[in-house]
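It should be emphasised that the depicted structure is a prediction, and the values quoted were computed from it without experimental measurement.
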Amino acid sequence: MEYIKKIVHAPSEDRNSCALNATSIALDVPYYDVYKVYKAFGRVHGRGSSWLMMACSINWLMNAEKDYQIENEEDIIKVKGNWKMPTHLNITLKKFAELFPKGRYIVVKSQHALALIDGVWYDNHEPNPKARVKHFYKVG
């Protein structure tokens with residue numbers, strides 16, 4: 001299982017930011033833009049992200065035209081009414097990488113998110129290949 005350590009934002013400044021880190025890496029969007037979108041969907045600085053926050057934020061970032069600003073509450077309602085559910089699985093990270101060797105994914109395991117890009121894991125520490133996938137988002 002190939003792994004690259006990559007942190008797009010210093011974790012000491014914003015704890016529990018693995019979802020933002022994975023989103024920034026998988027979508028190739030600057031961390032600060034990802035941070036603003038997650039905040040608009042309810043994330044509190046230093047706290048983790050729910051799968052609903054992730055789904056809304058990922059959907060917004062994938063469909064935004066390089067202007068990641070959320071102008072008003074109507075933008076949030078529009079995304080919450082038209083967002084893609086994550087796909088649920090119960091397999092190991094190793095098996096997931098074998099099944100999906102191409103593409104970009106944001107993968108959520110127990111209380112942690114990481115990115116998989118073309119079969120390579122990107123995270124702030126080496127993932128356990130036996131850890132179980134809870135759900136994932138295909139982003140590219």
Side-chain angles (χ1 to χ4, degrees):
M1 199 166 89
E2 193 175 346
Y3 154 76
I4 295 175
K5 182 175 183 171
K6 185 169 183 181
I7 303 171
V8 293
H9 184 67
S12 62
E13 296 174 20
D14 185 11
R15 297 176 50 86
N16 302 313
S17 61
C18 60
L20 284 72
N21 191 55
T23 303
S24 178
I25 292 167
L27 295 177
D28 196 26
V29 174
Y31 181 89
Y32 185 68
D33 291 329
V34 172
Y35 179 90
K36 290 187 296 187
V37 172
Y38 270 78
K39 184 177 179 183
F41 286 108
R43 183 177 182 270
V44 176
H45 184 82
R47 300 239 177 146
S49 304
S50 70
W51 65 266
L52 179 58
M53 277 181 222
M54 288 182 71
C56 291
S57 299
I58 291 165
N59 191 32
W60 178 268
L61 290 162
M62 286 176 55
N63 295 311
E65 295 178 6
K66 295 299 175 197
D67 177 13
Y68 304 112
Q69 291 292 98
I70 294 177
E71 299 295 331
N72 53 48
E73 214 170 292
E74 289 176 13
D75 289 340
I76 294 173
I77 292 167
K78 181 171 55 177
V79 172
K80 282 188 175 177
N82 186 25
W83 54 283
K84 184 179 173 186
M85 287 286 289
T87 304
H88 294 274
L89 274 182
N90 185 19
I91 61 174
T92 65
L93 293 179
K94 181 180 179 183
K95 185 69 173 174
F96 185 90
E98 290 170 1
L99 289 174
F100 302 100
K102 296 290 180 198
R104 293 174 166 264
Y105 302 89
I106 299 168
V107 178
V108 179
K109 62 184 194 77
S110 181
Q111 299 183 11
H112 190 66
L114 55 163
L116 179 70
I117 301 172
D118 294 332
V120 179
W121 291 104
Y122 290 81
D123 198 8
N124 57 358
H125 62 278
E126 188 169 358
N128 177 356
K130 294 181 181 178
R132 308 295 288 184
V133 171
K134 284 193 169 185
H135 52 268
F136 72 94
Y137 304 87
K138 183 170 185 354
V139 296

Name every donor-acceptor pair, under 3.5 Å, that has one atom in a side chain of residues 111-119 and the other anywhere in the protein, sequence neighbours excluded.
unit_1: H112; atom_1: NE2; unit_2: D123; atom_2: OD1; d: 3.0
unit_1: H112; atom_1: NE2; unit_2: D123; atom_2: OD2; d: 2.8
unit_1: D118; atom_1: OD1; unit_2: G103; atom_2: N; d: 2.9

Would a single hydrophobic cluster contain both M53 and Y31, if residues Ile, Leu, Val, Met, Phe, Trp and Tyr are joined by side-chain heavy-atom contacts under 4.5 Å? no

V139: which of D28, I58, N59 passes side chain to side chain contact (heavy atoms under 4.5 Å, CB included): I58

Short question: side chain of S24, backbone of L20 - any donor-acceptor pair under 3.5 Å? no

Between CH2 of W121 and CG of L93, what distance do you get to the nearest 0.5 Å? 4.5 Å

Distance from Y105 atom OH to Y122 atom OH, nearest 0.5 Å? 14.5 Å

If you group Ile, Leu, Val, Met, Phe, Trp and Tyr by side-chain heavy-atom gaps below 4.5 Å, do F136 and L99 land in one group? yes

Please list, chain by chain and in numerical order, all residues satisfying side chain to side chain contact (heavy atoms under 4.5 Å, CB included) with Y32, sequence neighbours excluded. K36

If you compare all heavy atoms of S49 against all heavy atoms of R43, which two are closest, and at what distance to 0.1 Å? OG-CD, 3.3 Å

Flag, side chain of Y137 to backbone of I106, donor-acceptor distance under 3.5 Å: no

Pairs where residues 127-136 contributes a residue and the test side-chain hydrogen bond (donor to acceptor under 3.5 Å, both in side chains) is met, not counting sequence neighbours: N90-R132

With a 4.5 Å heavy-atom cut-off, do M54 and F41 have their side chains touching? no

Same hydrophobic cluster for V29 and I25, using side-chain heavy-atom links shorter than 4.5 Å among ILVMFWY? yes

Shortest non-hydrogen separation from Y38 to A19 and the atoms involved: OH-O, 3.7 Å

Value rounded to 0.5 Å, distance of NZ in K109 from CZ in F96: 14.0 Å

Are any of the side-chain heavy atoms of Y35 and H45 separated by less than 4.5 Å? yes

